[in-house]
Amino acid sequence: MILIDSDVLLDVALRQEPFFRESATFLLEAERSPEPACIAWHSVSNVHYVARRRDPDADARGFILSLLEWAAISPTSTESVRYAASLPMDDFEDALQVAAAEACGARHIVTRNLRDYERSPIQAIGPQEALGEAQ
């Protein structure tokens with residue numbers, strides 16, 4: 001199981017350069033992979049909000065619904081938020097991603113934001129590294 005961070009999703013939803021190709025390739029491979037993938041509950045609202053703010057014409061709901069055809073929402077809870085708050089991480093949103101990864105049993109968090117996950121108990125890897133593992 002892997003957890004996909006919001007930044008990778010936004011790269012694709014907004015076709016953000018120079019990251020789009022790598023993130024899109026990763027998402028295509030993740031969709032085809034037998035290894036399950038999940039996303040954090042709050043990533044859904046983050047992706048929708050940011051995508052619509054940056055591009056009012058973006059089909060953020062369509063993107064999210066197509067993502068949910070193959071990726072699951074991590075089963076988080078009140079305890080997951082408490083766990084996130086206990087983590088020695090500066091960015092609380094990243095700590096929530098870790099808690100979501102823990103809740104779904106992810107072995108990696110796929111993100112471009114590796115630096116902010118240095119103190120994460122779950123290893124963060126980039127989309128390119130995740131592609132290398134899948135092959």
Side-chain angles (χ1 to χ4, degrees):
M1 177 77 71
I2 57 167
L3 181 119
I4 305 166
D5 195 2
S6 300
D7 61 353
V8 173
L9 301 175
L10 284 166
D11 289 345
V12 178
L14 294 172
R15 301 184 67 87
Q16 295 184 127
E17 294 298 346
F19 311 109
F20 171 73
R21 174 172 271 142
E22 185 175 289
S23 292
T25 301
F26 163 72
L27 285 185
L28 284 171
E29 289 301 315
E31 180 178 5
R32 295 178 189 144
S33 174
E35 179 178 24
C38 64
I39 59 173
W41 168 263
H42 71 280
S43 289
V44 173
S45 62
N46 288 350
V47 167
H48 187 273
Y49 177 79
V50 172
R52 294 291 303 204
R53 292 271 306 191
R54 291 195 190 159
D55 181 359
D57 295 325
D59 184 15
R61 285 186 191 201
F63 175 78
I64 291 165
L65 290 173
S66 67
L67 177 67
L68 294 177
E69 289 179 16
W70 57 271
I73 299 293
S74 176
T76 50
S77 64
T78 301
E79 286 307 311
S80 299
V81 177
R82 288 188 179 117
Y83 173 66
S86 76
L87 293 171
M89 298 175 70
D90 293 332
D91 187 320
F92 188 61
E93 193 277 333
D94 292 337
L96 288 170
Q97 294 285 351
V98 171
E102 178 76 27
C104 71
R107 60 188 177 88
H108 292 122
I109 298 168
V110 180
T111 182
R112 280 189 295 98
N113 184 16
L114 298 174
R115 185 180 47 161
D116 284 353
Y117 286 93
E118 288 175 353
R119 298 176 71 186
S120 170
I122 298 175
Q123 182 185 22
I125 61 174
Q128 192 66 35
E129 185 177 351
L131 282 169
E133 284 195 357
Q135 297 169 352

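What you see is a predicted model; the values in this text were computed from it and never measured.
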K.L.:
Nearest 0.5 Å please: distance from the CG atom of Asp116 over to the OG1 atom of Thr111.
P.N.:
8.5 Å
K.L.:
Take Leu14 and Asp55, measure what side chain to side chain contact (heavy atoms under 4.5 Å, CB included) needs, and give me the verdict at the end.
P.N.:
CA-CA 8 Å; Leu14 294 172; Asp55 181 359; 4.2 Å; yes
K.L.:
In the hydrophobic cluster built from side-chain contacts under 4.5 Å, what are the other members alongside Val98?
P.N.:
Leu3, Tyr83, Leu87, Met89, Ile109, Tyr117, Ile122
K.L.:
Return the set of residues passing side chain to side chain donor-acceptor pair (under 3.5 Å) with Asp11 (not counting sequence neighbours), or none when no residue passes.
P.N.:
Gln16, Ser23, Arg112
K.L.:
Evaluate the side-chain proximity of Val81 to Thr76: yes if any heavy-atom separation is below 4.5 Å, no if none is.
P.N.:
no
K.L.:
Is there a donor-acceptor pair closer than 3.5 Å between any side-chain N or O of Asp7 and the backbone N or O of Asn113?
P.N.:
yes
K.L.:
If every non-hydrogen atom of Met1 is compared with every non-hydrogen atom of Cys104, which pair is closest and at what distance?
P.N.:
CG-O, 3.5 Å
K.L.:
Do Phe20 and Val8 sit in the same hydrophobic cluster, where Ile, Leu, Val, Met, Phe, Trp and Tyr count as joined when their side-chain heavy atoms come under 4.5 Å apart?
P.N.:
yes
K.L.:
First locate atom CG of Asp5, then atom NE2 of His108, and finally report the distance between them rounded to the nearest 0.5 Å.
P.N.:
14.5 Å
K.L.:
Any side-chain heavy atom of Leu9 within less than 4.5 Å of one from Leu27?
P.N.:
yes
K.L.:
Can you establish whether the number of heavy atoms outside Tyr49 located under 6.0 Å from its atom OH is more than 12?
P.N.:
no
K.L.:
Donor-acceptor pair, distance only, cut-off 3.5 Å: does the side chain of Arg119 make one with the backbone of Pro88?
P.N.:
yes
K.L.:
Nearest 0.5 angstrom please: Glu129 CD to Glu22 CD, how far?
P.N.:
10.5 Å
K.L.:
Report whether Ile2 and Ile73 are members of the same hydrophobic cluster (ILVMFWY, side-chain heavy atoms less than 4.5 Å apart, transitive linking).
P.N.:
yes
K.L.:
Got a donor-acceptor contact below 3.5 angstrom from the Ser33 side chain to the Ala30 backbone?
P.N.:
no
K.L.:
Going by the rule salt bridge (Lys or Arg N to Asp or Glu O under 4.0 Å), which residues pair with Glu118 if we only count those two or more places apart in sequence or in a different chain?
P.N.:
none
K.L.:
In a table with atom names and distances, give each donor-acceptor pair under 3.5 Å that connects a side chain of residues 56-70 to protein atoms at least two apart or in another chain.
P.N.:
unit_1 : atom_1 : unit_2 : atom_2 : d
Asp59  : OD1    : Gly62  : N      : 3.0
Ser66  : OG     : Gly62  : O      : 3.3
Ser66  : OG     : Phe63  : O      : 2.8

K.L.:
Who passes salt bridge (Lys or Arg N to Asp or Glu O under 4.0 Å) against Arg82, sequence neighbours left out?
P.N.:
Glu79
K.L.:
Using a 6.0 Å cut-off, check whether atom CZ of Arg107 has over 12 heavy atoms from anything other than its own residue.
P.N.:
yes
K.L.:
Nearest 0.5 angstrom please: Arg115 CZ to Asp94 CG, how far?
P.N.:
10.5 Å
K.L.:
Sequence neighbours left out, cut at 3.5 Å: what donor-acceptor pairs do the side chains of residues 36-44 make with other protein atoms?
P.N.:
unit_1 : atom_1 : unit_2 : atom_2 : d
His42  : NE2    : Glu93  : OE2    : 2.9
His42  : NE2    : Gln97  : NE2    : 3.4
Ser43  : OG     : Ser6   : OG     : 2.9
Ser43  : OG     : Gln97  : NE2    : 2.9

K.L.:
Do the non-hydrogen side-chain atoms of Phe26 and Ile4 ever get within less than 4.5 Å of each other?
P.N.:
yes
